[in-house]
Every structure is written in C-alpha cells, then in structure tokens.
Amino acid sequence: MIKRIVEVSNPSYLYLKNKQLIIEQAHEVVAQVPIEDIGVLILEHSAINITQPLIIECQKNNTAIVFCDEKHLPYSTILPISEGNNLHQKILKQQINISEPVRKNLWKQVIQQKIQNQANTLKQFNKPFVRLEKIKAEVKSGDATNCEGLAAQYYWKALLGKDFIRDQNAEGINAVLNYGYSIIRATIARSIVASGLHPAIGLFHHNQYNGLCLADDLMEPFRPWVDSIAYQLYQQNANISVTKEVKIPFLNLISESVEFKDKKMPLMISVHYLMADLKRAFAKENKRLTYPKK
C-alpha cells in the first residue's frame, strides 16, 4: 500500500487517539490520519508539540518522523530500529561482513545509475548529455577514478549554467534542491529500516556522526529526479524559494509511477524492492542492484 506524506507547518498539538494522528490547532481538531497510512511525518514549525505515545505508534508502523530546522529544511529523522525485521541480527551481520570487492562493485553500480539519470535529466531538457554517458562507461570498481565528481562538474554547468555553484548552505534553488533531496533521503531511510538493514552502515559514506550513511549512498541515483523538478520550477521563477507551493511536487514524487523490472508501481514501493536486491547482494545471492526507471 502506498503511504502518505503528512507535513505539519503551523503551530500544532499532535497526539494519538484510536491509532490515529490527531492534529489540533488553536484548540480545535483540524485533521486526523490513521497512523498505518503515514509513511513520513514532517514537522516544520518550532511551535509543534508531539506526544510520546504518538511517536511510539509511528515507530511501530515504520513511519519516519522528520524534524525541520529554522530554515524550514529537514534536519533530523527518527526511525525504528528494533522492530525493523525479525531477522535483524542475521541481516546486520551480513551487512557488516560484506567483502570489499562486493562493496566496491555495488558502489560502482550506484554511481553508474546516478550518472545515467543525470544524462537522462539533461536529455529531458534538450541539453548536451553524451559526455555523461561516456563518463558512465568509465566508472571503475569503487569509483576509483572519481567519475562521480567529473560527471557532477559537467552536469551542473550543463543544467544550470557555468555560473551555478552547488552550495548546501545557499538560498534559492540550492535550498529547494536540499528540500527535495531530504524527502528522498527520508523515504530511502524508512525502507532501509523496514528491510532490516542498518542505515548507518554505508557502502561509501562512512562519517561516524552520520546515522544515515546507507541512505545517502542509495539515494544518489534519485538526485537527478529531484533536480528535474527543481529545474522546471526554476524556469518558471528564477527567484524560487522553499514555499508551500514549491514543496508539493517534491512530496508527490514518491507516489509517482515508475518502472521496476518491467512492472509499474509507485516510487515508494519500488524502493522496497531495491532494498530486497541489496539484501540479496549482502547474502551473496545477487550481484546486481536494479533501480527504478521513470
């Protein structure tokens, strides 16, 4: 079942009643949503109060809770760990003990898919993309020659012009990109936990202070899909910023229909199948990661 993303962006009191999220504003109930229907709950206001029973019920239903900062951008995520999978210990051991050649091979596939999706995004907007397909063909195990970096240099200039600088702390379209990426990141992280994998153990990312290294790895090929939406919005308004209207297409992205192994399904569902591929790779039952296609 496709799950919903619920975003609360006004002063609110959130609590649990009859296994439903109750949203109360100015002492009046303005909405209620069954917890089992919620995939991601985004809290985007400093005056939101949430009860512990509601948090626990969200964790029992594998609902990711995302907290936003003063810039209205997602800053942290709460995910369940203990109830992710009844084979959690076995899967965790496989994930930790993955061999170096397998890890590097998986990372190579992730980068190849990212570069292909970057090329597809450029092609979508009639921009030169052939160079990226050549770089993709040169990716080695573990991306030893940093083709990801070479592709990024070409890609951003081709998409947004030679003066564009990707800056995570900048406003405008950079902030919009950050928002879109954070939605994909939370969606991937939720699926990782649901599959019994540990989100902190990455293939490439390994920052000890980052609890979502694996999500940061696996989301890379989805970034160009976010870029595509951001670019279209930027074309309509060069002074774009993170507003309620701008957020909508990014929130809708995870329910968009994609193709996965010749089947049509929502992006959120296809991500679960991607995790199954990854688990089989950790168990040495599979060597290929299949990413969904638009």
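Remember, predicted model here, so these are calculated numbers, not experimental data. Heads up: numbering here begins at 1 and tracks the sequence.
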A side-chain contact here means heavy atoms from C-beta on lying under 4.5 Å apart; do P221 and V110 qualify? yes
Side chain to side chain, L267 and L253, heavy atoms closer than 4.5 Å: yes
Using distance only, find each side-chain donor-acceptor pair of residues 21-29 under 3.5 Å and give its atom names and separation, not counting sequence neighbours.
from	atom 1	to	atom 2	distance (Å)
E24	OE1	Y15	OH	3.3
Q25	NE2	S12	OG	2.9

Working to the nearest 0.5 angstrom, can you tell me the gap between T121 OG1 and K127 NZ? 11.5 Å
Between E44 and K247, is there a side-chain N and carboxylate O pair less than 4.0 Å apart? yes
K136/E133 salt bridge by N-O under 4.0 Å criterion: no
With a 4.0 Å cut-off on N to O distance, would you call E148 and K114 a salt bridge? yes
Candidate pair D143 and W107, rule side chain to side chain contact (heavy atoms under 4.5 Å, CB included), full reasoning: CA-CA 7 Å; D143 189 22; W107 183 240; 4.0 Å; yes
Determine, using ring centers only, whether F222 and Y291 are less than 6.0 Å apart. yes
What is the minimum heavy-atom distance between N62 and R190, and which atoms define it? O-NE, 2.7 Å
Going hydrophobic residue to hydrophobic residue with side-chain gaps under 4.5 angstrom, can you get from M219 over to I5? yes
Check: D227 and Y234 side chains under 4.5 Å, non-hydrogen atoms: no
Considering only heavy atoms from C-beta outward, does the side chain of Q95 approach that of L92 to under 4.5 Å? yes
Could you tell me if the side chain of P199 sits less than 4.5 Å from the side chain of V193, heavy atoms only? yes
A side-chain contact here means heavy atoms from C-beta on lying under 4.5 Å apart; do W225 and V258 qualify? yes
Is there a side-chain contact between I184 and R223 (heavy atoms, below 4.5 Å)? no
Run the numbers on R103 and E100 for salt bridge (charged side-chain N to carboxylate O under 4.0 Å, His left out), then give the verdict. CA-CA 5 Å; R103 184 189 67 77; E100 195 64 3; 2.4 Å; yes
Would you sort out whether R185 and D216 count as a salt bridge (charged side-chain N to carboxylate O under 4.0 Å, His left out), showing the intermediate values? CA-CA 7 Å; R185 190 184 195 224; D216 289 339; 2.6 Å; yes
Smallest heavy-atom separation, L212 atom then A189 atom, equals CD2-CB, 3.9 Å
Residues in salt bridge (Lys or Arg N to Asp or Glu O under 4.0 Å) contact with K157, at least two apart in sequence or another chain: none
For K261, the salt bridge (Lys or Arg N to Asp or Glu O under 4.0 Å) test, sequence neighbours excluded, returns D277
